[in-house]
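Here is the structure we will look at.
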Amino acid sequence: MNLSYLLNAKGRMIMIKITLKGGVIKEYEAGITVAEIAKELGAGLYKASCAAKINNQVVDLRTPVNEDCELAILTFNEVDGKKAFWHTASHILAQAVTRLYPNTKYAIGPAVDNGFYYDFDVEKPFTAEQLAAIEKEMTSIVKSGLEIERFELDVPAAKELMKDQPYKLELIEKHAGQGEKMSFYKQGEFVDLCAGPHLMSVAAIKAFKLTSCTGAYWHGDSTKPMLSRIYGTAFPKASELTEYLTAVEEAKKRDHNVIGRQLKYFCNSDLIGQGLPLLMPKGTKLFQILNRYVQDKEEYEYGYVMTKTPLMAKSDLYKISGHWDHYKDGMFVLGDETKDKEVFALRPMTCPFQYQVYLSEKHSYRDLPIRYGETSTLFRNEASGEMHGLIRVRQFTISEGHLVMRPDQLEQEFRNCVKLLQEIMTDIGLIGDLSYRLSKWDPNDREKYIGTPEMWDEAESLMRDILDHMGMEYTEAVGEAAFYGPKLDVQIRNVHGKEDTLVTVQIDLMLARQFGMTYTDADNTQKHPYIIHRTSLGCYERTIALLLEKYAGALPMWLSPEQVRILPIGDAQSEFARGVLKKLNAAGLRCTMDERNEKIGYKIREAQLEKIPYMLVIGDKEIEANSVAVRSRRDGDKGVMTVEDFIAMAVKEVTEKVK
RNA sequence: GCUUGUAUGGCUCAGUUGGUAGAGCAGUUCAUUCGUAAUGAACAGGUCGUCGGUUCGAAUCCGACUACAAGCUCCA
């Protein structure tokens, strides 16, 4: 290897200045590797090092440093350190699998948010039973402490090395045009085409666990073959692994799909069908509370007017809107196009319906914006494997709205939509769990979208500008837009870590043209309005699911279907207790009474398990003092107070929406 | 739609190598009127998701379908 570039004119080693964390500058000979620097800085740091950043670029520990730079050694405590750690774990997994199942073709194995996976092409997909054996093999690999070497090959040599690995060949082919060399990592007999970075040896992956196995399409493309994916996670210390696994188990206990059924918020019926949950009385009450809250807020604070439009329409409507061409697979079509004179379809979105309301009269620029709101039930024929509790269903009700406006009003209206949704998310307590995503179209997949590239560029840059003006933090995602325009998607994770869109605000410059929607401007010309499609609370079913998970079923007082339960000790207190019940109901509190002939401990246990915020125990002592003994589900016995004091306290908790 | 699992009384689960089902909770009835997370007893409740196959015999083995779970794809 020719290292002459590391020498100066006099043939002496060039010294370079490296700025470390905290601004410390150290001098090293050019060509020193990051790992050597880490070792020089301290054995502990070297042992913990996973990767590094040179001038803010993530690099492998083996990277030679040839010029002055800023250097940060990354350990498992940094995100990119974790990624390298997990990526190395995925190689150990692949090595174990290829040892146990020599005919395996291996595809890709990256780090993900909380661990790693590796995709394999095997004759029979892996099942959970096989994971233990694979883990055992992984353990022996880790114990062997194999060093991990990195090397590079040109394309022909890379292809020769990977000649038995079709997926790797495909990846090499994909990168071949870029003129770069292919990098490989080798640990013992196992070699993988891989961009890295990786740890120096397999020995650090002490605590790991294979968590699940499942199918996954090659390149995430459902037309490609399905591979067998194994998920796992790993940590530097066993205690951290245990902690993580315990946290995952704890999170699953909050699963709305479990507690929502347990607490009788919803159920399903085989006879009714998949993705069609039934809201039970408690779920319906919660729906009603949220719905009234949203409708009032939109009408009285944000200037919305309400519509109530049909749940279905003739195919003609969807042909104009573009749904027939772009969304038909997702719709429930009633009738047979080839035979019936008229074919109807249940609506998958509200937009074209509210547009018809707009179109029913002439509009002046002075009338705008018009903000249409609707508690709108929608129907989407999701593929059978996609349903999930209340989060993904075939019929759902959304806090829907369409704002029709002049272009000059767009920014203000958009800002108000975001403000509204943030106020609502603050009130219900989910604000801290949200992330924002600008969902853009995919210019390489024109089929999926209507409109011209110019219109898309305009709509997307309008949205980006507004978001930037607002100082919002957001990510951008290609190919996530609606077929008619870009979206600001408000994302949230469920207990399984899966991300879904909770709320969306969309800019639509296209559909007004399709439908011939106009207003008369000040210069007496007809113009197409801009439209914002938006939700505020999102869809009720999904939001209810996330609320149940957030609070593990113990909803805040203002959202609780049953806020107070009165528990008389015996029949003797019934009359007094009924009087208390009346007063509480009159104060607007959702209150019931448990008059059953049961012991007080039994009644308390039930109310506690049902997560009723307050229990009022009434015995002779309370009657005598004209009071109630208050027990909170959170703090237990809170002592005795007068009915009036309790009402004042409870009402305050409701009005202030205490979490 | 795809991959892997799962499916036993309202709920949570047992059911050993195939010999037509068992518990706890919930329910009903009776007794108990009780002070901060389960009073006691008795009774009732299931052709083991559906359909078909193998077998003298199927909850148990095989197949198809339906539903549920996690993941992939898709999506609010």
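Proteins come first, then strands; the chains are lettered A, B, ... in the order of their sequence lines, and each starts at number 1. Model, not experiment: these values are computed from the prediction. Reckoned from all heavy atoms, side chains included, excluding hydrogens, waters and symmetry mates.
- Look at CD1 on A/Ile600: it is 9 Å from P on B/G35, rounded to the nearest Å.
- The NZ-P distance, from A/Lys599 to B/U32, rounds to 15 Å in whole Å.
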Revision key, fill the gap. Nucleotide by nucleotide, nucleotides 64-76 of chain B touches protein heavy atoms under 4.0 Å in the pattern (B base, S sugar-phosphate only, - none) ---SSSSBBBBBB
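- Between A/Val617 and A/Lys124, the one whose closest nucleotide on RNA chain B sits nearer the 5' end is A/Lys124.
- Nucleotides B/A44 and B/G22 place their C1' atoms 16 Å apart, quoted to the nearest Å.
- Between A/Tyr484 and A/His533, the two ring planes are parallel [angle under 30°; tilted spans 30° to 60°].
- Atom pair A/Lys638:NZ and B/A37:C1' shows a separation of 18 Å (rounding to whole Å applied).
- Counting only residues at least two apart or in different chains, salt bridge (Lys or Arg N to Asp or Glu O under 4.0 Å) contacts with residues 213-230 of chain A comprise A/Asp119-A/Arg229, A/Asp221-A/Lys224.
- Between A/Phe120 and A/Tyr118, the angle of the ring planes stays under 30°, which puts this pair in the parallel group of the 30/60° scheme.
- Rounded to an integer number of Å, the gap from A/Tyr614 OH to B/A37 P is 18 Å.
- Sorted by first and then second residue, the pairs that involve residues 622-637 of chain A and meet salt bridge (Lys or Arg N to Asp or Glu O under 4.0 Å), not counting sequence neighbours, are A/Asp635-A/Lys638.
- Taking the ring axis of A/Phe353 as reference, the NZ or CZ atom of A/Arg347 stays within 45° of it and closer than 6.0 Å to the ring centre.
- Using atom C1' as the reference point in both B/G18 and B/C75, the two lie 45 Å apart (nearest Å).
- When the C1' atom is used for both B/C13 and B/A76, the distance is 36 Å, rounded to whole Å.
- Atom P of nucleotide B/C11 and atom CE of A/Met280 are separated by 10 Å, given to the nearest angstrom.
- The side-chain hydrogen bond (donor to acceptor under 3.5 Å, both in side chains) search around A/Tyr614 returns A/Glu653, not counting sequence neighbours.
- Sequence neighbours left out, the pairs with a member in residues 104-114 of chain A that pass salt bridge (Lys or Arg N to Asp or Glu O under 4.0 Å) are A/Asp113-A/Arg493.
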Exercise for review: Quick one, give me the B/S/- string for nucleotides 43-48 of chain B, reading 5' to 3', where B means a protein heavy atom under 4.0 Å from the base and S means that only happens at the primed atoms, P, OP1 or OP2.
Suggested key: ------
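- Here the side chain of A/Glu622 is nearest to one of B/G5, B/G35, B/A38, namely B/G35.
- Atom-to-atom, CG of A/Asp119 to C1' of B/U4 comes out at 14 Å; the value is rounded to the nearest Å.
- Per the geometry, CG belonging to A/Asp594 stands 14 Å off C1' belonging to B/U33, to the nearest Å.
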Could you give the side-chain donor-acceptor pairs of residues 210-220 of chain A under 3.5 Å, partners two or more places apart or in another chain?
unit_1	atom_1	unit_2	atom_2	d
A/Thr211	OG1	A/Tyr231	O	3.3
A/Trp218	NE1	A/Glu170	OE1	3.1
A/Trp218	NE1	A/Glu170	OE2	3.2

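- Considering only residues two or more places apart in sequence or on other chains, A/Lys285 meets the side-chain hydrogen bond (donor to acceptor under 3.5 Å, both in side chains) condition with A/Gln288.
- Each salt bridge (Lys or Arg N to Asp or Glu O under 4.0 Å) pair with one or both residues in residues 423-432 of chain A, not counting sequence neighbours, appears once here: A/Lys297-A/Glu423, A/Lys419-A/Glu423.
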N/O donor to acceptor pairs below 3.5 angstrom from side-chain atoms of residues 534-543 of chain A, sequence neighbours left out:
unit_1	atom_1	unit_2	atom_2	d
A/Arg534	NH1	A/Glu298	OE2	3.1
A/Arg534	NH1	A/Tyr304	OH	3.1
A/Arg534	NH2	A/Glu298	OE2	3.1
A/Arg534	NH2	A/Ser399	O	3.2
A/Arg534	NH2	A/Glu400	O	3.2
A/Thr535	OG1	A/Thr504	N	3.3
A/Ser536	OG	A/Glu298	OE2	2.6
A/Ser536	OG	A/Ser399	OG	3.3
A/Tyr540	OH	A/Asn291	ND2	3.0
A/Glu541	OE1	A/Thr397	N	3.0
A/Glu541	OE2	A/Thr397	N	3.3
A/Arg542	NE	A/Ile391	O	2.9
A/Arg542	NH1	A/Thr501	O	2.5
A/Arg542	NH2	A/Ile391	O	3.1
A/Thr543	OG1	A/Leu537	O	2.7
A/Thr543	OG1	A/Cys539	O	3.0

So which protein N/O to nucleotides 23-31 of chain B N/O distances come out below 3.5 Å?
unit_1	atom_1	unit_2	atom_2	d
B/A26	OP1	A/Tyr602	OH	3.0

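- Rounded to an integer number of Å, the gap from CD1 of A/Ile569 to P of B/U32 is 19 Å.
- Residues passing the side-chain hydrogen bond (donor to acceptor under 3.5 Å, both in side chains) test with A/Thr307, sequence neighbours excluded: A/Gln354, A/Glu374.
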